[in-house]
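Right, one structure below, let's go through it.
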2 protein chains.
Amino acid sequence: MVQQIEVGPRVRLNTDRVLHAAVSLADDVGIESLSMRRLAQELGVVPMALYKHVANKEELLDGMVGVIVGEIDPPVRDAGWRSAVRQRILSAREALLRHPWARQVLESRTNRTPAVLEYMDTFIGMFLAGGFSVDLTHHVMHALGSRMWGFTQELFQDPAGADTEGKAEVPPEVQAAMFQEMSTRYPKILQIAMAAKHDDGPVVGPGCDDQFEFEFALDLLLEGFDRLHRQDWTSARAKLVRG
Amino acid sequence: MVQQIEVGPRVRLNTDRVLHAAVSLADDVGIESLSMRRLAQELGVVPMALYKHVANKEELLDGMVGVIVGEIDPPVRDAGWRSAVRQRILSAREALLRHPWARQVLESRTNRTPAVLEYMDTFIGMFLAGGFSVDLTHHVMHALGSRMWGFTQELFQDPAGADTEGKAEVPPEVQAAMFQEMSTRYPKILQIAMAAKHDDGPVVGPGCDDQFEFEFALDLLLEGFDRLHRQDWTSARAKLVRG
DNA sequence: ACCTGAACACCGTTCAAGT
DNA sequence: ACCTGAACACCGTTCAAGT
């Protein structure tokens, strides 16, 4: 699991080492178990030593986000806006999927760190380079929202995730009872959940093809953006129509 | 600010009273300051007394979400799916806006409480009643994601929000320097930010019409859903095409 | 310049006891 | 049946001191 020990001459701490240690500690033990004290221990150092390199825990989290954002590929060159945007979002998605805690941290934070701003700036650049008006680009960015990072709120999240080991298996008869309960109380949820499972396999469990769902919504939006772009959509006109 | 005092015969605690006290405490002091101890104090009771009515803090948060979800209007009757969905989402949005902490709590949680399931079930029902296939409804729900709750990740969030009082005002010359810095490092962000401010007023500050942005993206999606629905879209066919 | 020790003001939660 | 007191094992962070 977590590497530690670290004998020999104590390596000098620096912000980068702190940040990367924090990232891999969060990868290993989960974000909820990441504390300044625990991180210090991992680095073989007293808690207060960290405060020379990050001002506080908030800044630590911002720095960790920065590390992950740094793993996202820059926009591909010489491609249309649509494929450039699509590829970059899917690259972001891959980076975020490597660090399951990152989604939550990204969302919980009002990020205006240089790394995040840099990402957004080049992101916006893809639309502008594709001939989008500044106006449309602005609204398009809002429409994407967190999808820009390659994720959306999952509808039917697995409970907690993390340690699947500790939890006792649900015995089949209890599972059947839960199923019964669901089908009478929430029949429609069950219906669409069953539809997803149909061609996959297990009736209960995470049978959704998340990647398909993500691309479904993404392409729907991209299609819409494209249409508006070709129509020379402006927000002023839209507001007029809306009244 | 926070009402407390509460003299006279101590009212008996119950889960409902605990939950509602927690909601209004979070409204008042912010979710990050909501602790079991603080809540107990607010109710004029020792911390441990709460544990007779909620199993732990997680369950408290789930219960608080339940209270907010209960404030969302049920689907309107005798309307087309599109207007029913639209109205309900905007009603959810109003409820969530009344409790600024709710968005974050909703997102941080793997909610499968009865209140949330009930909301989703009736939500799904609107599409099915509109003649959507179970298949399309499933994907459409994923595409909506957290937009179902009436919010999306805000692009340019105000830092932290909450106590605007304590923070010292940024002096104009510093503001100008920040502006300068932004325009050279993140020129495109500035461009689209300026576009938003154009007809509003202050150059810096929250000049975005959040409601417009929200409806812009929502209508783009609804439009897309409608098109797929009329084309008798199926995921099987879509996967075939995609390869 | 960087790290340490001890302390402060908090957390959520358990356990055994009170009425 | 409900509430209390005292305690446990944690937090993030400050301050003054060490090398």
Side-chain angles (χ1 to χ4, degrees), chain A residues 2 4 6-23 25-26 28-65 101 104-105 108-110 160 162-163 166, chain B residues 2 4 6-23 25-26 28-65 101 104-105 108-110 160 162-163 166:
Chain A
V2 181
Q4 188 178 352
E6 188 136 359
V7 240
R10 190 127 85 279
V11 196
R12 188 67 148 288
L13 234 51
N14 61 46
T15 310
D16 228 62
R17 231 162 74 74
V18 170
L19 258 30
H20 280 89
V23 164
L25 183 56
D28 285 345
V29 302
I31 195 71
E32 71 287 343
S33 301
L34 176 81
S35 69
M36 297 298 276
R37 298 174 109 106
R38 174 101 191 237
L39 176 58
Q41 182 188 292
E42 213 68 24
L43 287 161
V45 108
V46 94
M48 271 316 296
L50 300 175
Y51 287 80
K52 263 274 109 65
H53 304 99
V54 286
N56 49 39
K57 192 173 181 182
E58 294 284 282
E59 203 178 289
L60 177 75
L61 291 170
D62 281 341
M64 292 169 68
V65 167
W101 49 268
Q104 195 190 127
V105 174
S108 72
R109 203 127 287 292
T110 60
D163 41 353
Chain B
V2 181
Q4 187 180 356
E6 188 135 355
V7 241
R10 189 129 84 280
V11 196
R12 188 67 147 287
L13 234 50
N14 61 47
T15 310
D16 228 62
R17 231 163 72 73
V18 170
L19 258 30
H20 279 89
V23 165
L25 183 56
D28 286 344
V29 303
I31 195 69
E32 71 288 343
S33 302
L34 176 80
S35 69
M36 296 298 276
R37 298 173 109 105
R38 174 103 190 235
L39 175 58
Q41 182 188 294
E42 213 69 24
L43 286 161
V45 106
V46 93
M48 271 316 296
L50 299 175
Y51 287 80
K52 262 275 110 64
H53 304 99
V54 286
N56 48 41
K57 193 172 181 183
E58 294 284 281
E59 203 178 289
L60 177 75
L61 291 170
D62 280 341
M64 291 168 69
V65 168
W101 49 269
Q104 194 189 127
V105 174
S108 71
R109 205 123 284 293
T110 59
D163 40 353

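Protein chains get the first letters and strands the later ones, always in sequence-line order, with residue 1 at the start of each. When reading the values below, keep in mind they use all heavy atoms of this one structure, side chains included, and skip hydrogens, waters and symmetry mates. Note that the coordinates shown come from a computational prediction; the quantities given were computed from them, not determined experimentally.
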Which atom of [X] lies closest to which atom of [Y], heavy atoms considered:
{"X": "A/Asn14", "Y": "A/His53", "result": "CA-CD2, 3.7 Å"}
{"X": "B/Val54", "Y": "B/Glu59", "result": "CA-OE2, 3.8 Å"}
{"X": "A/Leu43", "Y": "A/Ala21", "result": "CD2-CB, 3.7 Å"}
{"X": "B/Ala40", "Y": "B/Pro47", "result": "CB-CA, 3.5 Å"}

Considering only side-chain heavy atoms of [X], which listed nucleotide, [options], is closest?
{"X": "B/Ala49", "options": "C/dT4, D/dC3, D/dG12", "value": "D/dC3"}
{"X": "B/Ser35", "options": "C/dG12, C/dC3, C/dT13", "value": "C/dG12"}
{"X": "B/Met48", "options": "D/dC3, D/dA7, D/dA6", "value": "D/dA6"}

Query raised in the report: Taking OP1 and OP2 of C/dC2, is either one under 4.0 Å from a side-chain nitrogen or oxygen of A/His53?
Result: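 Checking C/dC2 against A/His53, no side-chain N or O comes under 4.0 Å of OP1 or OP2.
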
Report task. Quote, to the nearest angstrom, the P distance that separates D/dA9 from C/dA9. Result -> 22 Å

Let me know the distance between [atom1] of [X] and [atom2] of [N], rounded to the nearest Å.
{"X": "A/Arg37", "N": "C/dC11", "atom1": "CZ", "atom2": "P", "result": "15 Å"}
{"X": "A/Glu32", "N": "D/dC11", "atom1": "CD", "atom2": "C1'", "result": "14 Å"}
{"X": "B/Lys52", "N": "C/dT14", "atom1": "NZ", "atom2": "P", "result": "12 Å"}
{"X": "A/Arg38", "N": "D/dC10", "atom1": "CZ", "atom2": "C1'", "result": "12 Å"}
{"X": "B/Lys57", "N": "D/dC11", "atom1": "NZ", "atom2": "C1'", "result": "12 Å"}
{"X": "A/Gln41", "N": "D/dC11", "atom1": "CD", "atom2": "C1'", "result": "14 Å"}
{"X": "B/Leu43", "N": "D/dC3", "atom1": "CG", "atom2": "P", "result": "10 Å"}
{"X": "B/Leu61", "N": "C/dC11", "atom1": "CG", "atom2": "C1'", "result": "14 Å"}

Return the pairing partner of [N] with a 3.5 Å limit on both distances, Watson-Crick or G-U wobble; otherwise return none.
{"N": "C/dG12", "value": "D/dC8"}
{"N": "C/dC3", "value": "none"}
{"N": "C/dA17", "value": "none"}

Requested in this report: Remember a base hit wins even if backbone is also touched, and classify A/Met36 as base, sugar-phosphate or nothing at under 4.0 Å, heavy atoms.
Outcome: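 Sugar-phosphate: the residue A/Met36, judged by heavy atoms under 4.0 Å, touches backbone atoms but no base.
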
Report task. Using the side-chain contact (heavy atoms from CB on, under 4.5 Å) rule, pick out the option among B/Gln104, B/Glu58, B/Met64 that qualifies with B/Arg109. Result -> B/Glu58

Query - Nearest-nucleotide comparison on DNA chain C, the residue closer to the 5′ end among A/Pro47 and B/Glu58 - result: A/Pro47

